Amino acid sequence: MPELPEVETVRRGLEPALEGARFTKVLVRRPDLRFPFPKNFTKRLTGKSVIGLGRRAKYMLADLSSGEVLIMHLGMSGSFRVTQSDLQQTPGQFHHPRSDNSKHDHVVFEMSSGWTVTFNDPRRFGFMLLTARAELENDPFLRGIGPEPLGNSFDAETLAHACRNKKTSVKAALLDQKIVAGLGNIYVCEALYRAHISPKRLASTLATKKGEPTADTFRLVDAVKYVLNEAIKAGGSSLRDHRQTTGELGYFQHSFRVYDRQGEACLTPRCKGKIRRIVQTGRSTFYCPVCQR
DNA sequence: CCGCGGGCCTGAGAGC
DNA sequence: TGCTCTCAGGCCCGCG
């Protein structure tokens, strides 16, 4: 579920609980998530402290005093909850108030900061890995990932260059983490809509023959940055599983212009279009066939 | 090398 | 109320 804005929201929520704090107790309640937990996972964390908590694409990276990095991914349905240790809460008590999914509380970190951090993931597409800091760039998950879309290195020139020989649709290209990091289905649809670019266009049309950006490409880069920044301000989008670390929902789903709005009127002023849903490379795409060209 | 489709899981919602 | 079917935000890998 979680795309860059959701992961960044979670990272910001975890930061005060983790940064500068020691793992006083680590509880792992099953042998695996998407993958088995690393060997001696509990032992390699307990007593170590978190120097900093960063994010790359949709991965959270906790830099540890041991020289290792804890890589955490939310998969499709993962969420973290930060609670105060001294309240003696039942795991998951406040996680999803309407149904008890505490059976999916798979990992609990008790921190010297006094906070307890609980990872919940019903579908278990999430994972936690440990790698030496020096090996981070060679990690198969992180190797080859493209520029961070909110950083200066993501601009129209780099996007045009990355797309210039692409045979796929612009939709598929933006979902490709090697081209730009952290976008998923929702924010790609929303960014393309705001840039008035059809998801069906060939990615190579973002570049001229010389590989330079077109006017569309500048609009698209601006739209990507805008949508991601607005979504982060809103605490992400909560469709089903995403929660902030306080348990609150994100609310950017109320700002969707196309995602999950098939059949509804296009919101572009004076556009008479109706939002359509199509399937591209196995994923739903939502767009306005009239104002996205 | 590149693009696509399968598979990993559970749960929600639709349709009968 | 209940069964069955489809679908969901990600990502790696193997196939053609």
Side-chain angles (χ1 to χ4, degrees), chain A residues 1-10 29-37 55-60 71-80 92 95-96 98-106 119-129 138-146 162-192 200 202-204 227-228 231-232 234-244 249-253 255-256 258-263 277-286:
Chain A
M1 63 182 314
E3 305 180 32
L4 187 152
E6 289 74 35
V7 178
E8 180 58 23
T9 297
V10 170
R29 300 174 66 197
R30 52 172 298 126
D32 55 11
L33 295 170
R34 178 170 169 192
F35 309 115
F37 282 95
R55 179 190 57 73
R56 179 77 173 104
K58 299 167 194 169
Y59 301 90
M60 283 185 289
I71 304 174
M72 297 178 281
H73 194 283
L74 300 172
M76 297 277 260
S77 60
S79 62
F80 277 94
H95 209 101
H96 291 276
R98 299 164 122 195
S99 65
D100 176 24
N101 77 343
S102 62
K103 64 179 172 184
H104 301 303
D105 285 350
H106 304 309
F119 180 66
N120 181 287
D121 185 7
R123 288 176 71 183
R124 303 204 305 275
F125 281 11
F127 54 86
M128 294 190 189
L129 299 173
N138 301 322
D139 186 276
F141 288 95
L142 296 170
R143 195 177 45 206
I145 286 185
C163 289
R164 73 195 187 288
N165 292 324
K166 280 268 161 201
K167 300 276 180 275
T168 42
S169 63
V170 63
K171 163 84 183 315
L174 290 176
L175 283 174
D176 183 347
Q177 303 295 298
K178 294 193 280 295
I179 292 192
V180 55
L183 295 180
N185 208 32
I186 292 175
Y187 297 105
V188 167
C189 292
E190 293 295 320
L192 286 169
K200 298 197 282 190
L202 233 42
S204 55
V227 160
L228 294 178
I232 291 170
S237 302
S238 291
L239 293 185
R240 176 156 301 147
D241 301 293
H242 169 64
R243 301 270 167 156
Q244 305 189 47
L249 300 173
Y251 54 89
F252 192 73
Q253 66 277 13
S255 299
F256 289 171
V258 287
Y259 188 84
D260 212 15
R261 292 190 69 247
Q262 67 272 30
R277 175 186 176 275
I278 59 172
V279 174
Q280 291 180 287
T281 52
R283 324 275 312 268
S284 291
T285 297
F286 302 90

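First the proteins, then the strands, lettered A, B, ... as listed; each starts at 1. Any value given below was found using the heavy atoms of this structure, including those in side chains, with hydrogens, waters and symmetry copies removed. What you are looking at is a predicted structure, and each value in this text was computed from that prediction instead of being measured.
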Report yes if a side-chain nitrogen or oxygen of [X] is closer than 4.0 Å to either non-bridging phosphate oxygen (OP1 or OP2) of [N]; otherwise report no.
{"X": "Arg124(A)", "N": "dT10(B)", "result": "yes"}
{"X": "Arg277(A)", "N": "dA8(C)", "result": "yes"}
{"X": "Ser284(A)", "N": "dA8(C)", "result": "yes"}
{"X": "Tyr259(A)", "N": "dG9(C)", "result": "yes"}
{"X": "Arg283(A)", "N": "dG9(C)", "result": "yes"}
{"X": "Lys58(A)", "N": "dC11(C)", "result": "yes"}
{"X": "His104(A)", "N": "dT10(B)", "result": "no"}

> What is the distance from atom CD of Glu3(A) to atom OG of Ser237(A), rounded to the nearest 0.5 Å?
Replying inline: 7.5 Å
> Just how far is it from atom CZ of Phe80(A) to atom CE of Met72(A), taken to the nearest 0.5 Å?
Replying inline: 5.0 Å
> Taking the side chain of Glu3(A) as its heavy atoms from C-beta onward, which of dG10(C), dC11(C), dA12(B) lies nearest to it?
Replying inline: dG10(C)
> Where the side chain of Phe125(A) is concerned, which of dA12(B), dC11(C), dG10(C) is the nearest nucleotide?
Replying inline: dG10(C)
>> According to salt bridge (Lys or Arg N to Asp or Glu O under 4.0 Å), does anything in residues 169-186 of chain A pair up with another residue at least two apart or in another chain? List the pairs.
In response: Lys166(A)-Asp176(A), Asp176(A)-Lys178(A)
Take atom [atom1] of [X] and atom [atom2] of [N], then tell me their distance rounded to the nearest Å.
{"X": "Phe127(A)", "N": "dC12(C)", "atom1": "CZ", "atom2": "P", "answer": "7 Å"}
{"X": "Leu175(A)", "N": "dC11(C)", "atom1": "CG", "atom2": "P", "answer": "10 Å"}
{"X": "Met76(A)", "N": "dT6(C)", "atom1": "CE", "atom2": "C1'", "answer": "14 Å"}
{"X": "Asn120(A)", "N": "dC9(B)", "atom1": "CG", "atom2": "P", "answer": "17 Å"}
{"X": "Arg123(A)", "N": "dT10(B)", "atom1": "CZ", "atom2": "P", "answer": "10 Å"}

>> Aromatic contact between Phe286(A) and Phe256(A), with the criterion being ring centroids under 6.0 Å apart: yes or no?
In response: no
> So, does Gln177(A) use its side chain to make a donor-acceptor pair with the main chain of Gly182(A) at under 3.5 Å?
Replying inline: yes
> Between the main-chain N or O of Gly236(A) and the side-chain N or O of Glu6(A), is there a donor-acceptor pair closer than 3.5 Å?
Replying inline: no
>> Categorize Phe35(A) for me: base, sugar-phosphate, or nothing, with a 4.0 angstrom heavy-atom threshold over every strand shown.
In response: nothing
> Counting a pair only when it is Watson-Crick or G-U and both distances are under 3.5 Å, which runs of at least 3 such pairs involve DNA chain C?
Replying inline: B:2-8 with C:10-16, B:10-16 with C:2-8
Output one line per pair: protein atom, nucleotide atom from nucleotides 3-7 of chain B, and distance, for all N/O pairs under 3.5 Å.
| from | atom 1 | to | atom 2 | distance (Å) |
| --- | --- | --- | --- | --- |
| dG3(B) | OP1 | Lys167(A) | N | 3.2 |
| dG3(B) | OP2 | Lys166(A) | NZ | 2.9 |

> Regarding Arg123(A) and the six-membered ring of Phe125(A), is the cationic atom NZ or CZ under 6.0 Å from the ring centre and inside 45° of its axis?
Replying inline: yes
